[in-house]
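Just so you know, residue 1 is the first one in the sequence shown, and it goes up from there.
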Amino acid sequence: MQAITVRDRAAGLAGLSLTEEPYPHAAENDVVVRVHAAGFTRGELDWPGTWSDRAGHDRTPSVPGHEVSGIVVELGYGTTGLSVGQRVFGLTDWTRNGSLAEYVAVEARNLAPLPAGISHTMAAALPISGLTAWQALFDHGRLAAGQTVLIHGAAGGVGSVAVQLAREAGARVIGTGRAAARDTALGLGADVFLDLEADRLEDVGQVDLVLDVIGGDILDRSAALVRSGGTLVTIAAPPTVLPRNGRAIFFVVEPDRARLADLARWLRDGRLRLIVGAVRPLAEAPAAFAPAQPTPGKTIIRVTEGE
């Protein structure tokens with residue numbers, strides 16, 4: 001099969017290439033998915049799991065990409081809950097070969113059925129952004145109706161979904177980003193937008209929850225905005241400045257079949273909007289990691305034609 005692989009950590013993005021790789025083995029409780037569309041995170045070549053397995057052993061050449069949508073073509077021993085020929089989407093394992101390939105072996109529990117009416121392209125854009133936003137707001141942030149949430153990067157992949165979920169939950173939403181993101185964030189349901197390059201972050205006032213995807217100085221300054229009993233949640237880095245009388249949480253998104261199914265239904269029913277940008281073929285995936293001209297929305301790699 002054809003796949004995008006990395007072999008040399010020191011080479012960085014220059015080490016990405018299209019190669020011929022063996023067809024994946026379906027271990028116990030796995031399925032093999034014929035990949036139709038795949039998503040990736042541009043920083044994942046810096047992740048330890050890209051280079052090592054769970055035991056810490058080198059696993060290069062490795063296939064990046066951790067979001068997948070496609071068709072189940074094989075079941076591993078003991079696999080239940082999915083069937084051959086079924087449309088599925090979800091997260092591939094962090095420390096195994098990923099989705100930038102014609103086929104990928106995935107733990108069945110990491111995948112959810114893909115409802116009719118949702119394209120593979122859209123489905124591949126949902127797992128990381130959707131699950132991260134949900135887990136940040138509700139599992140870790142305990143957001144409730146009537147509360148105020150500050151969402152950094154409100155027009156980005158995670159932030160754009162978080163704005164919509166928070167509004168659905170009855171929260172007041174303050175979004176941040178660059179000036180060009182204002183209309184997008186407000187259109188998604190943010191009540192207020194703050195330009196991080198022109199406005200004072202401190203003018204936001206006190207909030208019940210901060211969702212940070214930026215890190216650095218923005219993360220540090222956000223701690224002071226959390227009111228007593230509130231929460232600062234970040235996916236950027238473990239916070240070094242903590243809220244006074246509040247909680248601070250750094251987390252990595254986890255697979256969740258049931259929640260993926262919920263998000264897919266909302267997407268199908270028009271209650272959730274995803275911002276998809278460029279759609280490129282597998283051979284162009286290396287270039288998509290570092291595009292010459294950045295485009296708004298999430299880049300999706302189309303591996304197989306047909307929905």
Side-chain angles (χ1 to χ4, degrees), residues 41-44 46-48 91 94 127-179 181-182 184-186 188-256 259 263 272 275:
T41 302
R42 290 195 172 95
E44 67 185 73
D46 295 326
W47 299 350
L91 286 176
W94 303 121
I128 288 181
S129 295
L131 289 176
T132 299
W134 181 276
Q135 291 168 15
L137 293 175
F138 305 116
D139 295 345
H140 300 295
R142 305 172 186 171
L143 184 67
Q147 292 186 328
T148 298
V149 56
L150 172 65
I151 299 174
H152 291 309
V158 173
S160 61
V161 175
V163 167
Q164 296 172 79
L165 295 180
R167 284 285 291 178
E168 280 274 326
R172 178 174 180 264
V173 180
I174 304 171
T176 78
R178 296 179 178 174
R182 180 183 302 275
T184 298
L186 294 176
L188 292 170
D191 296 282
V192 178
F193 181 83
L194 188 81
D195 179 355
L196 289 175
E197 296 177 330
D199 302 326
R200 290 185 71 251
L201 179 60
E202 289 70 20
D203 290 343
V204 164
Q206 297 287 287
V207 300
D208 299 285
L209 173 63
V210 174
L211 169 52
D212 169 68
V213 300
I214 299 173
D217 178 63
I218 295 298
L219 172 58
D220 292 344
R221 292 163 60 197
S222 294
L225 304 177
V226 178
R227 63 170 49 103
S228 180
T231 307
L232 169 63
V233 178
T234 179
I235 62 171
T240 57
V241 180
L242 306 181
R244 185 175 183 179
N245 300 321
R247 300 182 303 139
I249 297 169
F250 166 74
F251 81 102
V252 176
V253 64
E254 296 181 357
D256 186 330
R259 192 59 63 201
L263 291 165
L272 181 64
I275 304 174

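Here side chain to side chain donor-acceptor pair (under 3.5 Å) pairs that include residues 150-166, with residues two or more places apart or in two chains, are His152-Thr176, His152-Ser222. For residues 195-242, the set of pairs meeting the ring pair (Phe, Tyr, Trp, His ring centres under 6.0 Å) definition, not counting sequence neighbours, is empty.
With sequence neighbours excluded, no residue forms a salt bridge (charged side-chain N to carboxylate O under 4.0 Å, His left out) with Arg142. Residues passing the ring pair (Phe, Tyr, Trp, His ring centres under 6.0 Å) test with Phe250: none are found, sequence neighbours excluded. Qualifying salt bridge (charged side-chain N to carboxylate O under 4.0 Å, His left out) partners for Arg227, counting only residues two or more places apart in sequence or in other chains: Asp208. Under the salt bridge (charged side-chain N to carboxylate O under 4.0 Å, His left out) criterion, Arg244 pairs with no residue at all, not counting sequence neighbours. With sequence neighbours excluded, the residues forming a side-chain contact (heavy atoms from CB on, under 4.5 Å) with Gln135 are Leu131, Asp139, His140, Phe251, Val253, Glu254, Asp256, listed by chain and number. Residues passing the side-chain hydrogen bond (donor to acceptor under 3.5 Å, both in side chains) test with Arg182: none are found, sequence neighbours excluded. Judged as a salt bridge (charged side-chain N to carboxylate O under 4.0 Å, His left out), and not counting sequence neighbours, Glu44 has no contacts. Residues satisfying the side-chain hydrogen bond (donor to acceptor under 3.5 Å, both in side chains) test with Asp199, not counting sequence neighbours, are none. Scored by the side-chain hydrogen bond (donor to acceptor under 3.5 Å, both in side chains) test, Glu202 finds Arg221 as partners (sequence neighbours excluded). Annotation: side-chain hydrogen bond (donor to acceptor under 3.5 Å, both in side chains) contacts of Arg247 (sequence neighbours excluded): Thr231.
Minimum interatomic distance between Ile214 and Gly153 (heavy atoms only, all atoms of both residues): CD1-N, 4.2 Å. Closest heavy-atom contact between Val161 and Ala133: CG1-CB, 3.8 Å. Nearest heavy atom pair, residue Ala185 against residue Ala154, reads CB-CB, 3.9 Å. Among all heavy-atom pairs drawn from Asp195 and Glu197, the shortest one is OD1-N, 2.9 Å. Taking both residues in full, the closest heavy atoms of Ala190 and Gly175 are given as CB-N, 4.3 Å, listed atom of the first, atom of the second, then distance. Of all the heavy atoms in Ala155 and Thr184, the pair that sits closest is CB-CG2, 3.9 Å.
Using a 4.5 Å cut-off on side-chain heavy atoms (C-beta onward), Thr148 and Gln206 make no contact. Looking only at side-chain heavy atoms (C-beta outward), Val204 and Val192 stay at 4.5 Å or farther from each other. Between Leu219 and Leu232, some side-chain heavy-atom pair lies under the 4.5 Å cut-off.
Leu225 contributes atom CG, which lies 10.0 Å from atom CG of Asp203 (distance to the nearest 0.5 angstrom). With rounding to the nearest 0.5 Å, the separation of CD1 in Ile218 from OG1 in Thr234 is 11.5 Å. For the atom pair CG (Leu242) and CG (Asp220), the distance works out to 10.0 Å, reported to the nearest 0.5 Å.
Panel note: side chain Asp191, backbone Val173; a donor-acceptor pair is recorded below 3.5 Å.
Of the residues Val252, Val213, Asp212, the one that meets the side chain to side chain contact (heavy atoms under 4.5 Å, CB included) test with Ile235 is Val213. For the side chain to side chain contact (heavy atoms under 4.5 Å, CB included) criterion with Val149, the lone passing option out of Val233, Val163, Leu209, Val207 is Leu209.
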**Request:** Check step by step if side-chain contact (heavy atoms from CB on, under 4.5 Å) holds for Leu165 and Leu263.
**Result:** CA-CA 10 Å; Leu165 295 180; Leu263 291 165; 4.3 Å; yes
**Message:** Using side-chain contact (heavy atoms from CB on, under 4.5 Å), reason through Leu143 and Leu211 one step at a time and then give a plain yes or no.
**Reply:** CA-CA 11 Å; Leu143 184 67; Leu211 169 52; over 6 Å; no
